[in-house]
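What you see is a predicted model, and the numbers here were worked out from it, not measured in a lab.
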Amino acid sequence: MLAKVRTVTLWGIEVVPVTVEVDVGDGLPRTTVVGLPDSTVRESQERLISAFKHSGLEMPLGRITVNLSPTDLRKTGNHFDLPIAVALGLASGRVPALCTDDLLFLGELALDGELRPVNGVLPAGRWARGAGLRGLVVPRQNGREAEASGIAVWPVETLAQMFEVLWEGRPPASAVPSGEEAPLPETGDLADVRGQAPAKRALEIAAAGAHNLLFVGPPGSGKTSLARRVAGILPPLLGDPAVEATCIHSAAGLLRPGSGLLRVPPLRAPHHTVSTAALVGGGAVPRPGEVSLAHHGVLFLDEFAEFHRDALEALRQPLEEGCSVITRSRYSVTFPARFLLVAAMNPCSCGNHGDSMRICRCTPYQIEQYKRRVSGPLLDRIDLQIEVPRVRVEDLARGSGGESTAVVAARVLRARTRQLERHGKPNGHLGLKETERWCRPEPEAGRLLEHALERFGLSARAYHRLLRVARTIADLEGAAEIRAPHMAEAVQYRALERGLVRD
Ligand SMILES: [Zn+2]
């Protein structure tokens, strides 16, 4: 008897429908899985035998052939156990025929017959809803994630319950566990960082206008702990951005079991030894890279100058286009990758260049070589570049840390809302024409800008960056026009361009 059950596989983050076909024929008991399964899928038969036994169910006797169609696509993932088990049930008459036609099945089986959570449930649910299916059958722990797709969810806990539910022909009575909202990431409060008021202000502007940010300073200046705190002041994820970010994390297997949509912007902080493929995506079966895991969140690159040159250059496309296109001999895929880049680097290889308290032992040539590790075109994409000096001991001892994360986050949210109401995107994402249209300065601010361009010899690109940053500073203040003080502040954040960082 031939049985068919619906499931999906993921190609990158794209959902591809898969039909699991099971044929039970005469012959010696033996199971064969065909249709390009990877090793995880092939091992499924061992889990199935044990799960059936421990659930008090019998595997159909005879020669079992499992085919995963379309057969030319590599199937990967642990979620094929459940659809194969249901097809076996159909083939042996343990599941009523026809009841599974418009359901989609995903789930991994433990040896005792319990269902374990799997990856990719949210994208699969969205696909199933679009395809007009009746429901999504998933392990109970994936229930909240499945609900976020808007399709009817059939959360099940064990293989035995699965078969009962299919006989009844309706979702199980047990509701999806409500679970708790994921706690805020432990990035710490801004108020815990003493001193560094200019750097904190730069973080606030970066978060408000989605401007990429580079901190340059000696080791021990606290630039790393400052940069990590940016996720706490970004506006929370709502609507499509929350769904998009959650889909990518779900496909990559990074969602915590039991969680629903991501609400806090993700913060990704890959080490400087990261490979280009891990940073921008790739692999035999395409996987999203760090730039996509940071979609609608923050990509924090500490020791920016220490990253592999080709990895840094590969950042240019996502920074310019908001996506990462991976082209291999066998495929080409596009991953969304719209993130806030926050980078930190030392001023030279010993770290002491420009430090009034320590001596730099690098030669001018070495310092120049160190800065050249980050290319001009890449720096062009970083609106805010700021020096973070070592904090003096006196500053550490006295005074408070300033405003808390909550206070700054509220101001950031108001400023971001103004931008979205005005032109539908943050200032940092405006193109050249859009910048000229939306970021017109008042005459006095305009003169200040011209003067700064001449005096510091800044490029035409710098001109547009200054306008965008000044617009965000005005938005933080709630000002309708870009006035001279806003422009004067924006110019400060390009100070590195004339000295510390080559244009
Ligand atoms: Zn040095």
Side-chain angles (χ1 to χ4, degrees), residues 180-237 256 262-272 293-294 296-304 339-347 351-352 354-358 382-416 472-473 476-477 489 492-493 496:
E180 286 171 14
E181 280 303 318
L184 286 170
E186 283 299 313
T187 53
D189 199 286
L190 270 184
D192 299 339
V193 182
R194 298 278 169 111
Q196 303 295 17
K200 288 182 186 173
R201 173 70 175 164
L203 272 186
E204 177 178 340
I205 297 167
H211 301 285
N212 298 318
L213 170 67
L214 173 64
F215 282 147
V216 183
S221 57
K223 56 189 192 295
T224 302
S225 63
L226 268 171
R228 282 189 166 276
R229 282 164 166 78
V230 76
I233 58 173
L234 278 173
L237 295 179
R256 294 183 329 153
L262 291 178
R263 291 298 179 202
V264 178
L267 172 86
R268 301 294 300 177
H271 190 254
H272 63 76
L293 295 170
H296 294 305
V298 181
L299 182 68
F300 173 49
L301 301 182
D302 204 1
E303 309 287 357
F304 196 41
F339 54 86
L340 175 66
L341 174 66
V342 178
M345 66 184 271
N346 292 341
N352 295 334
D355 191 334
S356 55
M357 288 175 279
R358 298 189 193 197
I382 304 179
D383 283 356
L384 297 160
Q385 297 165 16
I386 178 169
E387 224 174 329
V388 185
R390 204 184 298 279
V391 186
R392 287 177 307 177
V393 182
E394 307 92 272
D395 285 348
L396 277 179
R398 75 187 142 120
S400 72
E403 291 175 316
S404 71
T405 289
V407 171
V408 179
R411 209 159 46 224
V412 164
L413 182 60
R414 283 196 298 274
R416 180 69 73 92
T472 300
I473 293 168
L476 277 167
E477 204 185 283
E489 188 181 348
Q492 287 177 29
Y493 301 120
L496 292 179

* Structure fact -> Of all heavy-atom pairs linking Pro219 and Gly351, the shortest is CD-O, 3.6 Å
* To do: Find the distance between CD (Glu489) and CD1 (Ile473) and round it off to the nearest 0.5 Å.
  => 4.0 Å
* NZ on Lys200 to CD1 on Ile233, rounded to 0.5 Å -> 10.5 Å
* Partners passing side chain to side chain donor-acceptor pair (under 3.5 Å) against His272 (at least two apart in sequence or in another chain) -> none
* Arg268 side-chain N/O to Ala294 backbone N/O, donor-acceptor pair under 3.5 Å -> no
* Structure fact -> Sorted by chain and residue number, the side-chain contact (heavy atoms from CB on, under 4.5 Å) partners of Ala206 (sequence neighbours excluded) come out as Leu213, Leu384
* Asked: What distance do Gln492 atom CD and Gln385 atom CD have between them, rounded to the nearest 0.5 Å?
  -> 14.0 Å
* **N/O donor-acceptor pair under 3.5 Å between Arg229 side chain and Asp189 backbone** => yes
* Structure fact -> In short, salt bridge (Lys or Arg N to Asp or Glu O under 4.0 Å) pairs touching residues 208-221 with sequence neighbours left out are none
* Take Val298 and Arg228 through the side chain to side chain contact (heavy atoms under 4.5 Å, CB included) test and state the conclusion after the steps. => CA-CA 9 Å; Val298 181; Arg228 282 189 166 276; over 6 Å; no
* Do Pro265 and Val230 touch side chain to side chain, with heavy atoms closer than 4.5 Å? -> no
* For Glu477, enumerate each residue passing the salt bridge (charged side-chain N to carboxylate O under 4.0 Å, His left out) test, keeping only those at least two apart in sequence or located in another chain. => Arg483
* Asked: Who are the side chain to side chain donor-acceptor pair (under 3.5 Å) partners of His296, not counting sequence neighbours?
  -> Glu244
* Asked: What residue among Asp383, Leu214, Ile205 forms side-chain contact (heavy atoms from CB on, under 4.5 Å) with Tyr493?
  -> Ile205
* Got a sec, which residues hit side-chain contact (heavy atoms from CB on, under 4.5 Å) with Asp302, two or more places apart in sequence or on another chain? -> Thr224, Phe300, Ala344
* **Arg411: partners by salt bridge (charged side-chain N to carboxylate O under 4.0 Å, His left out), with sequence neighbours left out** => Glu204, Glu403
* Which heavy atom in Leu413 sits nearest to a heavy atom in Pro235, and how many Å separate them? -> CD1-CB, 3.7 Å
* To do: Any chance you could lay out the side chain to side chain contact (heavy atoms under 4.5 Å, CB included) test for Val342 and Leu299, step after step, and finish with the verdict?
  => CA-CA 6 Å; Val342 178; Leu299 182 68; over 6 Å; no
* Asked: Which heavy-atom pair separates Pro270 from Leu301 by the least distance, and what is that distance?
  -> CG-CD2, 3.6 Å
* **Minimal non-hydrogen separation, Gly402 against Ala191, with atom names** => O-CB, 3.8 Å
* Asked: How would you list, by chain and number, every residue that makes a side chain to side chain donor-acceptor pair (under 3.5 Å) with Asn212, sequence neighbours excluded?
  -> none
* Structure fact -> Looking only at heavy atoms, the pair that brings Ala231 and Leu267 closest together is CB-CB, 4.1 Å
* To do: Check the pair Val407, Thr405 against side chain to side chain contact (heavy atoms under 4.5 Å, CB included), reporting the backbone distance first and the verdict last.
  => CA-CA 6 Å; Val407 171; Thr405 289; over 6 Å; no
* Asked: If every non-hydrogen atom of Lys223 is compared with every non-hydrogen atom of Met345, which pair is closest and at what distance?
  -> CE-O, 3.3 Å
* Asked: Below 4.5 Å, heavy atoms only, C-beta onward: do Ile386 and Pro198 meet side chain to side chain?
  -> yes
* **Candidate pair Arg416 and Thr472, rule side chain to side chain contact (heavy atoms under 4.5 Å, CB included), full reasoning** => CA-CA 8 Å; Arg416 180 69 73 92; Thr472 300; over 6 Å; no
* Got a sec, which residues hit side-chain contact (heavy atoms from CB on, under 4.5 Å) with Ala199, two or more places apart in sequence or on another chain? -> Gln196, Phe215, Leu226, Val388
